[in-house]
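Have a look at the structure below, then the notes.
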Amino acid sequence: MSSSPENEARSSQYERSWALLYRLIRLNGSLSGHERNVLYWNRGDGTFADLSAVAGLDFPEDGRAFVTFDFDRDGDTDILLNNRNSPQVRLLRNNLPTSHHSVAFRLEGTASNRDAVGARLVLETASGRHLTRSVRSGSGFRSQPSRTVHFGLGEEDEIREVKVFWPSGSVDIHRGIPADHLFLITEGAEDVVARPFDAPPASQFERDWAEPAANPGRTGIWLTEATPAPALLGRTLDGGAFLQERYRGKRVLLNFWATWCAPCQVELADFNEHRAALEEASLVPLLVSVDEPSEHESVRRFVRERELPFPVVLPDASSVTAFDLLVRHILDQSGELAIPTSFLIDQKGNIVKLYMGLTSAEQILSDLERWPDDQPELLERALPFPGRAYVTRFERNWVQLGDAYAAAGLTGEALATLEYAVEAHPKHAAILDRLGSMYGEQGRWQEALATHQAAVELGLPGIAAQVHLASALAELGRLPEARAAATAALSQAPDDTEALRVWGAVASRQGEFEAALPALLSAREIDPDNPETHYNLGWLYLQTRQTTDALASLRRAIELAPDHVEALHDLGILHAQAGAWDQASSSLRKALEVRPDFPEAHYSLGLVHAQQGDFTEAESSLQAALELRGDYAEALADLGGVFVETRRFREALPLLARAQGLKPELVQPYLNAVRAHLALGEKDNALASLDALLKVRPGDPTALALRERLTE
């Protein structure tokens, strides 16, 4: 195992490593590299023999804990294994035929604790051997041993005496104890209760499992909390687009099947036979074929030959992935989307029950009669056995489910899931905070701000929500509020790398470069592998014209996060300032490959093209920037400049006038307007443009010099 960080500050590398490790576990991966379990036999002479393979215990699973106890009460100990991956539990019964003897004791304290934890038994056999065992309560990792104390006697079947040393300090001695019994001994009592061991099974391969009694109320899995069904995208059998909206407001049985699946064929025939009853119950079976695209003609033929009257969907791969992730989540990663699998969906589009494997129309109709009307009734259906519930709040881990969708690239599903969770649990701060972060990743900063504010107001533990709130405020240009939020986070955790980074980034945007630099350098020292910190440093160095440091920081940010669009954009600007036009163009194009809707990158690429004299490409890039952001004053000004360069003076003037109106402090729109008016022979209009510029910037040297020249 690797060492934990030496301080409490967050480390992005450490957090990413844990996230990847957790994902490996959730996907049923192996941490030990499938290292097999081992079982050793104590030979009694100080040596051990490896019996792992002979005993059949050498499973290649990630074992986490085990206990030995007499499961079948036949006098020998059995083993219960717990694994990190599936199967999570294994019971190994010791059914080997043997003539050896044993004895077991169950103690009950009176003056001592009732469970007799800490009591010590010393057993003396007829041959004079002394065996010692203690009653323990926590001897293993993630395991609790049985408090029944078991002694193996080998060939001996006589016990001379048993001494019990109780935690209270008293000692009881019992004689005349026969072998092959379980004894109940009470502290201070002379008599003991004996129970002979059960007879061992006739054969080690005996299987005496009774078929489970039919229980129609427990077939399938009622969910403890209704869960929105992922969007179902795909085509119908005739090639048209499948419209899921048609089924809103209806109860739906979503059945995943395939033509090659024998149980599916039985199930579909049963649905067809009971179609009238299903229709009368207002249920729509919707058949989702998971056959390969090359087999779609076989699907059409199958449906036609069996005269299936139900709608059939040929789903997109993303939809199948989404349902598979949902099943894994519901089953805590111990299963997957097997065929057939069916989902019972309510009128709101939420799943209330999951059927794994073959089910029947009769079962489904029975469930429809018992349809839960509200969440408490659904919870009652979902509990696996009757009894008194002391815990009645079984919330789904919505953040985990949303992150699973997001990790698979299903951003829409992730957002829809978290939005549903917030509606269902409006006071759940952790869900609000994660939804806000996801909004931020989508550039939806107003929505991110609202959800982060709600999470902070609800008192989400830690400082993450404060840092996220500061980031959202900064993105919206509300820098004083962003700085206050980042300062509040730092007051709680002065060495937190994210709080330092955000504070430094905000201070940089406020022009306080000297104050920002130490915070960002501290963040980099604590967490040298955080790409955002390197980007923020690169931006600061770019503004302060420290070209070498800016280049190193931006390149490191891109090395850590190759798709960091802001770093790619600023690196392009840095190359452009150095006149390295090809490198600038390459970096900006890479940024646009990652995020085509990045207006600043289109604008900067337009300037690079203009500097190279390629006005056609410059115009195209600037137009793309304006399509994404219509009030982009700088893009309007420079597009007007491109029109002036290509002698389209009348087309340039409206663009330049609009740029002046949006950002009066910009110099370039006025100067480009002067050039356009002079080219058109409109000297008075050119002077008027200069006067307008001088009203905004009275001492502008370029405007003063140009006006003096025009009025000579």
Side-chain angles (χ1 to χ4, degrees), residues 5 7 9-23 403 406-407 409 411 434 436-443 445 448 463-464 467-468 470-472 474-475 482 486 489-490 493 495-509 513 516-544 546-575 583-584 586-598 600-601 604:
N7 54 52
R10 287 187 292 173
S11 161
S12 61
Q13 183 182 25
Y14 186 73
E15 291 179 352
R16 283 196 302 270
S17 297
W18 266 111
L20 291 171
L21 184 62
Y22 184 71
R23 186 179 179 193
D403 285 345
T411 305
R434 184 65 187 98
S437 296
M438 200 162 287
Y439 282 145
E441 292 166 9
Q442 299 298 305
W445 290 108
I463 66 166
V467 173
H468 296 156
S471 297
E475 290 290 341
L490 280 175
D495 293 328
D496 185 86
T497 179
E498 277 298 289
L500 284 166
R501 183 192 67 77
V502 173
W503 191 94
V506 172
S508 293
R509 265 57 177 183
F513 301 119
L517 184 59
L520 292 173
L521 290 174
S522 294
R524 186 180 67 180
E525 182 178 357
I526 296 169
D527 185 7
D529 294 324
N530 188 326
E532 290 299 326
T533 302
H534 289 282
Y535 165 68
N536 292 137
L537 276 168
W539 190 90
L540 184 152
Y541 289 137
L542 186 61
Q543 306 309 307
T544 54
Q546 300 179 63
T547 306
T548 302
D549 289 333
L551 189 64
S553 294
L554 292 173
R555 282 177 171 167
R556 180 58 178 156
I558 294 167
E559 181 182 338
L560 292 167
D563 291 341
H564 197 303
V565 290
E566 289 84 1
L568 288 164
H569 172 261
D570 289 358
L571 183 61
I573 292 176
L574 196 61
H575 286 313
Q583 291 174 281
S586 174
S587 187
L588 292 169
R589 288 185 186 281
K590 176 67 183 300
L592 288 170
E593 287 176 11
V594 178
R595 191 195 299 172
D597 59 347
F598 190 7
E600 287 80 5
S604 299

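Keep in mind it's a predicted model, so treat the numbers as computed, not measured.
- Every ring pair (Phe, Tyr, Trp, His ring centres under 6.0 Å) that F598 has, sequence neighbours left out, goes to H569.
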Item checked: Candidate pair V565 and L592, rule side-chain contact (heavy atoms from CB on, under 4.5 Å), full reasoning -> CA-CA 8 Å; V565 290; L592 288 170; over 6 Å; no

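- The CD1 atom of I526 sits 11.0 Å away from the CG atom of L521 when rounded to the nearest 0.5 Å.
- Atom CH2 of residue W445 and atom OG of residue S471 lie 6.5 Å apart, to the nearest 0.5 angstrom.
- In this structure, the side chains of Y541 and T548 stay at 4.5 Å or more apart for every pair of heavy atoms.
- Taking a 6.0 Å sphere around CD of E525, one finds it holds 12 or fewer heavy atoms contributed by other residues, nucleotides or ligands.
- Atom-to-atom distance recorded for L551:CG and L542:CG is 10.5 Å, nearest 0.5 angstrom.
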Note to self: If you apply the rule side-chain contact (heavy atoms from CB on, under 4.5 Å), what do you find for E498 with N530, and how did you get there?
What the structure shows: CA-CA 9 Å; E498 277 298 289; N530 188 326; 2.8 Å; yes

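- For the residue pair A448 and G436, the shortest heavy atom distance occurs at CB-O, 3.3 Å.
- Taking each heavy atom of G572 and L588 in turn, the nearest pair found is CA-CG, 4.2 Å.
- In this structure, the side chain to side chain donor-acceptor pair (under 3.5 Å) partners of R595, at least two apart in sequence or on a different chain, are E566.
- Expressed to the nearest 0.5 Å, how far CG of L568 lies from OG of S604 amounts to 12.0 Å.
- By the side-chain contact (heavy atoms from CB on, under 4.5 Å) test, A523 pairs with T497, L500, R501, T533, sequence neighbours left out.
- G538 and A550 make their closest contact through O-CB, 3.7 Å (heavy atoms, listed as atom of the first residue, atom of the second, distance).
- Every residue meeting the side-chain contact (heavy atoms from CB on, under 4.5 Å) condition with T547, not counting sequence neighbours, appears here in chain and number order: L574.
- The side-chain contact (heavy atoms from CB on, under 4.5 Å) check on E559 picks up R556, with sequence neighbours excluded.
- For the atom pair CG of D563 and CD of E593, the computed distance is 9.5 Å after rounding to the nearest 0.5 Å.
- Here the CG-CG distance, from D495 to D527, works out to 12.5 Å after rounding to the nearest 0.5 Å.
- The side-chain heavy atoms of E532 and L560, taken from C-beta on, include no pair separated by under 4.5 Å.
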Note to self: Could you go through E600 and D570, starting from their C-alpha distance and side-chain angles, then the distance that decides it, and tell me whether this counts as side-chain contact (heavy atoms from CB on, under 4.5 Å)?
What the structure shows: CA-CA 10 Å; E600 287 80 5; D570 289 358; over 6 Å; no

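- In this structure, H534 contributes its side chain and P528 its backbone to a donor-acceptor pair below 3.5 Å.
- For A567, the side-chain contact (heavy atoms from CB on, under 4.5 Å) partners at least two apart in sequence or on another chain are Y535, L554, A557, I558, H564.
- In this structure, the side chain of S508 engages the main chain of G504 through a donor-acceptor pair within 3.5 Å.
- Contact of the L520 side chain with the R524 side chain is not registered, since no non-hydrogen atoms from C-beta on lie closer than 4.5 Å.
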